[in-house]
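Notes follow once the structure below has been shown.
What you see below is based on every heavy atom in this structure, not just the backbone, and it leaves out hydrogens, waters and symmetry mates. In this chain, numbering begins with 1 at the start of the sequence shown.
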Amino acid sequence: MLNTRPQTQSSMEFVCIDELVPSDHLLRKVDKHIDFSFIHDLVKDLYCADNGRPALDPTLLFKMLLVGYLFGVRSERQLVREVQVNVAYRWFLGLNLTDKIPDASTFSQNRRRRFNESGVYQQIFDEIVLQAISKRLVSGKHLFTDSTHLKANANKHKKTKVQVAASRQDYMDALDSAVEEDRLRHGKKPLAPTTKAPVTREINKSTTDPDSGYMVRDEKPKGFFYLDHRTVDGKCNIVTDVHVTPGNIHDSVPYLKRLDRQIKRFDLPVEAVGLDAGYFTSAVCKGIEDRGLYGVMGYRRPTHKKGYFYKREYQYDADSDTYKCPAGQQLIYKTTNREGYRHYQSDPRICQHCEHLSRCTRNAKQVKTVTRHVWEASKERINQHRLTSEGKVIYKRRKETVERSFADAKQLHGYRYARYKGLNRVQGQCLLVAAAQNIKKIALMAA
């Protein structure tokens, strides 16, 4: 028999909000295993102690933001609407059914006036990592690093051309010393101090978000982006580091400094690192070896001009410090330049009669030059690690850790684009997304 159910929207009921939240809800597990009490002490110095209007509880504010990232709510205005009607969210935030929800402008004003350059987002992320360590969800032995792009909140057509000075990388002082030592070892004079003007290059700069960078990469979209350089621990996929740069910064540039930062901050006993081919540079390989770590990196086929010999066909002999060409001629050391590359050159009197000259060089003086970096030996040793059984296991874990972490962030936590303009604000977004992922992982693994 068909019955008509009466409307009950206006009926009054006595209920307990705790009874309305399912016992297996994710937020119950988060509330059980994550301690948020540190937030109040963390930010109290950013508030006036005895003046002004009463502030919104900062613990409530950050827990609400984390709920938004945890469940992939696309904006703070939408988050306010979701908390208004979601009983589980209210329960987690300590709000009754009739309590007023903070306005969306509260988040934006606090971010702009109080938290933007305070470092509080980094401190919250670090504290969540420390809680994961205390629950033995982080081993720190194997770390996997990669980067992903976030579309900047900027129109790619609104840009201007600007000249910028080439930045000096952190490893340049060590490289200068290595070049000087290498030249002295080969009987060459030290290089004279350079008198050239600083090198500049022309780049596209957004007029909407000047902090973003114009990214041009193979098989990647072109436009203004940010890059999130993320490190994930190999035990339970806990994110241990997040660092945001403009989209035109190479992956290898911030790597060593960020590696040192997390080792020092969390006292991690790192033994090995897994990286993709974008990090395979002489400076990174040398840095990994200097730190006593076992590095495994992906392989990217080098560029090659059709019809010419591959560089690998020129064999280096460490004992004589010479190269041997495919025809058997020795290429002798000539000099080491400022960039750290040794130059090995052939004898033109032999080359001009060689049947392979057309496949070797088109130099007007019929001289073949092969370059070798002063730290090339580190690259060669690191490259061999990917061919070992241990290296293959480590590199396979990279796609199961950091790549999966990025995939989850983009699919489930609203990570495909930058919500805000400015490097500091985007850094805060990325840190809170990673913190939310860690919170979820802790809640599920510790349950």
Side-chain angles (χ1 to χ4, degrees), residues 143 145 147 164-201 203 213 227 229 231 241 243 245-246 248-264 270 273 275-300 302-303 311-312 314 316-318 320-323 331-345 369-386:
L143 298 180
T145 303
S147 70
V164 296
S167 59
R168 182 176 173 85
Q169 306 302 334
D170 296 333
Y171 64 85
M172 292 302 293
D173 289 338
L175 180 60
D176 290 343
S177 298
V179 169
E180 184 175 349
E181 292 174 6
D182 193 70
R183 289 181 64 86
L184 291 174
R185 186 166 58 251
H186 286 91
K188 298 290 184 180
K189 295 180 180 179
L191 291 169
T194 181
T195 57
K196 295 181 180 180
V199 178
T200 62
R201 60 192 179 98
I203 65 169
L227 286 177
H229 306 265
T231 300
D241 189 63
H243 181 65
T245 66
N248 53 4
I249 300 297
H250 193 272
D251 290 348
S252 63
V253 172
Y255 175 70
L256 292 174
K257 182 179 288 187
R258 299 307 301 182
L259 176 63
D260 291 339
R261 193 260 175 196
Q262 55 194 305
I263 291 175
K264 181 179 180 181
V270 182
V273 294
L275 308 165
D276 74 0
Y279 296 85
F280 189 53
T281 65
S282 299
V284 171
C285 292
K286 180 68 162 55
I288 289 174
E289 287 200 330
D290 288 346
R291 289 160 177 77
L293 306 180
Y294 189 86
V296 184
M297 300 190 189
Y299 175 77
R300 182 176 296 166
T303 57
K311 185 176 180 180
R312 64 174 179 268
Y314 296 82
Y316 178 71
D317 180 48
S320 62
D321 191 24
T322 60
Y323 272 92
L331 279 67
I332 309 300
Y333 170 86
K334 291 298 181 181
T335 188
T336 304
N337 64 16
R338 295 184 187 277
E339 289 71 39
Y341 286 95
R342 301 172 186 161
H343 287 218
Y344 297 83
Q345 294 183 346
T369 301
V370 175
T371 60
R372 178 180 177 84
H373 200 275
V374 292
W375 293 334
E376 190 73 21
S378 294
K379 285 188 71 176
E380 292 172 346
R381 288 189 291 267
I382 293 291
N383 188 47
Q384 289 301 312
H385 292 168
R386 66 182 176 84

Inset, instruction - Sequence neighbours left out, what passes side-chain hydrogen bond (donor to acceptor under 3.5 Å, both in side chains) with Glu380? Give chain and number order. - result: Arg372
Inset, instruction - Report the residues that fulfil side-chain hydrogen bond (donor to acceptor under 3.5 Å, both in side chains) with Tyr294, sequence neighbours left out, ordered by chain and then residue number. - result: Thr388
Inset, instruction - For Lys311, enumerate each residue passing the side-chain contact (heavy atoms from CB on, under 4.5 Å) test, keeping only those at least two apart in sequence or located in another chain. - result: Val370, Thr371
Inset, instruction - Using the test side-chain contact (heavy atoms from CB on, under 4.5 Å), find all partners of Ile203 that sit at least two apart in sequence or belong to another chain. - result: Val162, Val164, Arg201, Asn248
Inset, instruction - Look at Arg185 together with Asp182 and state whether they make a salt bridge at an N to O cut-off of under 4.0 Å. - result: yes
Legend entry - All ring-ring contact (aromatic ring centres under 6.0 Å, His included) counterparts of His250, not counting sequence neighbours: none
Legend entry - Listed partners of Lys334 passing salt bridge (charged side-chain N to carboxylate O under 4.0 Å, His left out), at least two apart: none
Legend entry - Sequence neighbours excluded, every pair satisfying side chain to side chain donor-acceptor pair (under 3.5 Å) that has a member inside residues 279-288: Lys286-Asp290
Inset, instruction - Using the test side-chain hydrogen bond (donor to acceptor under 3.5 Å, both in side chains), find all partners of Glu289 that sit at least two apart in sequence or belong to another chain. - result: Ser378, Arg381
Legend entry - For Tyr341, ring-ring contact (aromatic ring centres under 6.0 Å, His included) partners two or more places apart: His373
Inset, instruction - Sequence neighbours left out, what passes side-chain contact (heavy atoms from CB on, under 4.5 Å) with Arg261? Give chain and number order. - result: Gln122, Asp126, Asp241, Arg258, Arg265, Phe266
Inset, instruction - For Asp317, check salt bridge (charged side-chain N to carboxylate O under 4.0 Å, His left out) against everything at least two apart and list the hits. - result: none
Inset, instruction - Find the distance between OH (Tyr314) and OH (Tyr344) and round it off to the nearest 0.5 Å. - result: 15.5 Å
Inset, instruction - Could you tell me the separation between the CD1 atom of Ile332 and the OG atom of Ser320, rounded to the nearest 0.5 Å? - result: 7.5 Å
Inset, instruction - Of all the heavy-atom pairs spanning Val284 and Ser252, show the shortest one and how long it is. - result: CG2-CB, 3.7 Å
Inset, instruction - Identify, with sequence neighbours excluded, every residue that meets side-chain hydrogen bond (donor to acceptor under 3.5 Å, both in side chains) alongside His229. - result: Thr245
